[in-house]
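Accompanying notes for the structure given below.
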2 protein chains.
Amino acid sequence: MRLLLIEDEKELADALSGALSKRGIVTDHTTHLADAFELTRQNSYDAILLDRRLPDGEGLTFIPMLRRTGTDTPIIVLTARNEPLERVEGLDLGADDYLGKPFLVDELMARLRAVLRRPPSLTELQISVGRMVIDPLHLSVTVESIPLDLPRRELLVLVALAKRKDKTVLRSTLEAAVYNYEEEIQSNALDAHISRLRKRLLDAGAGITIHNIRGVGYLLKEE
Amino acid sequence: MRLLLIEDEKELADALSGALSKRGIVTDHTTHLADAFELTRQNSYDAILLDRRLPDGEGLTFIPMLRRTGTDTPIIVLTARNEPLERVEGLDLGADDYLGKPFLVDELMARLRAVLRRPPSLTELQISVGRMVIDPLHLSVTVESIPLDLPRRELLVLVALAKRKDKTVLRSTLEAAVYNYEEEIQSNALDAHISRLRKRLLDAGAGITIHNIRGVGYLLKEE
DNA sequence: TCCCCCGTAATGCTGCCGCAATCTTCGCGG
DNA sequence: CCGCGAAGATTGCGGCAGCATTACGGGGGA
């Protein structure tokens, strides 16, 4: 899952990015609305976290701006104050939810799940492949009801493949699912993850194989 | 899919061509508007990537020039600066989208998909033939929901034929779909691809046949 | 401090793909 | 109806790009 965080308090932003990263969420961060707009044009996010007070204006103005482009990416508004009036304001403008600072990361996670669960969401709640069940929102994986814990990056690769099971996933798509654009990789890190993931899946008897399509990408299917 | 890239920075152009090639996109490249115009007369492109600053003039002038000939090929403008004003400028002249440099190739891919998705587009999102379903944008092929992985060049041939199923596709069109004009071929490489593709389709029970029209080209139809 | 994740790079291997040789099919003219 | 030439079909081969695997070491968390 990939989020855009629009927030000018650097400390909060860093802490949040770190916490989300541990939960398997890739976060792009910006402090200005102008950049944010550009980023939404360039990437496809699962959700947007939007602060209200920003250096170049009131965050809420961003919402109609974005909606006008036809994007319906869920937006969760972050605000220091927590009054009902402000909440209505945001929601009227097309925000999907609202979170008062300070907040627990787990509360944010819960709201994220709630927001992503709404149709039309491409995010399925459960994906069944082979003997595995994958929950892309909670990032949990079980083999015949026995939980399997995978390293974070391998997990992200697996989820990205599972979401499009039986279909080719371009190499570049996988890279985007695992890294944000500050983390450059210049080696075969992705290949290595795939290799290690394969091994783990085999050991766990997951009933899944990952195939390579030479020059195109990878594909996950039941064996 | 075939693109025309009009861009004078050689490094960027080469890198981009390479990256697109890995995503199954054939790119023709030129640095001058004059050549570009000629190329659009000779070839049919799915989209055009247009830089603004070019040795022989402002790139935007190309847009009305092209539109006047009745071509509605989508144009994506590449620009170093990223200001709203410039965006409007381009869009008013008939560009379909714009992209600020530097950009990620995946941003470009997303925009391409968006632009090609707009009606009236010849590029269908899903093509059904025989027992196959082909997704030309994600480059995935399934036979009765079972994924079929094809080598890149065979895949490109198949997509080109499927896009015009039941109609003859000129040999030269197929060559253009698989090779850019820097990759010369002097043998019957295309014939070889067709042959191997046929074999694979047969083995997979795709319910498709590829016929030859002697001296003209090939034709794909359900059996 | 220990452990494990994860990026890096070296190594070996797979199979794509261009090429060309050989065989087959097609269409035309006599 | 037959023969001939051109176009296409098929297949083996070799080079090489892309991928798989694994060992190593830095670094961060418990």
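Naming convention: chains lettered A, B, ... in sequence-line order (proteins, then strands); numbering from 1 in each chain.
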With a 4.5 Å heavy-atom cut-off, do Leu5(B) and Leu78(B) have their side chains touching?
yes

Just so I know, are the side chains of Leu220(A) and Val169(A) near enough to count as touching, which here means a heavy-atom distance under 4.5 Å?
no

Please identify the 5'-most and 3'-most nucleotides of DNA chain D with any atom under 4.0 angstrom from a heavy atom of chain A.
dA17(D) to dA23(D)

Per-nt protein contacts along nucleotides 17-30 of chain C (heavy atom under 4.0 Å; B base, S backbone sugar-phosphate only, - none) come out as BBBBB---BB----

With the threshold set at 4.0 Å, does a side-chain nitrogen-carboxylate oxygen contact exist between Asp149(A) and Arg200(A)?
no

Compute the bend angle of the helix from dT1(C)-dA30(D) to dG30(C)-dC1(D) from the end axes (five pairs per end), rounded to 10°.
40°

Remember a base hit wins even if backbone is also touched, and classify Asp191(B) as base, sugar-phosphate or nothing at under 4.0 Å, heavy atoms.
base

For Pro147(B) and Lys221(A), which heavy atoms make the closest approach, and how far apart are they?
CG-CD, 3.8 Å

N/O donor-acceptor pair under 3.5 Å between Lys165(A) side chain and Ser128(A) backbone:
yes

Side chains of Ile25(B) and Asp46(B): closer than 4.5 Å at any heavy-atom pair?
no

Return the value, rounded to whole Å, for the distance between atom CG of Leu156(B) and atom P of dC16(C).
14 Å

Would you check if Ile48(B) and Thr40(B) make a side-chain contact, meaning some heavy-atom pair closer than 4.5 Å?
yes

Given Val141(A), which of Leu155(A), Val133(A), Ile127(A) fulfils the side chain to side chain contact (heavy atoms under 4.5 Å, CB included) condition?
Leu155(A)

When you check the gap from the basic side-chain N to the acidic O, do Arg53(A) and Asp8(A) get nearer than 4.0 Å?
no

Of Thr27(B), Leu50(B), Asp28(B), which meets side chain to side chain contact (heavy atoms under 4.5 Å, CB included) against Leu4(B)?
Asp28(B)

Tell me whether the side-chain N/O atoms of Arg200(A) come closer than 4.0 Å to OP1 or OP2 in dC5(C).
yes

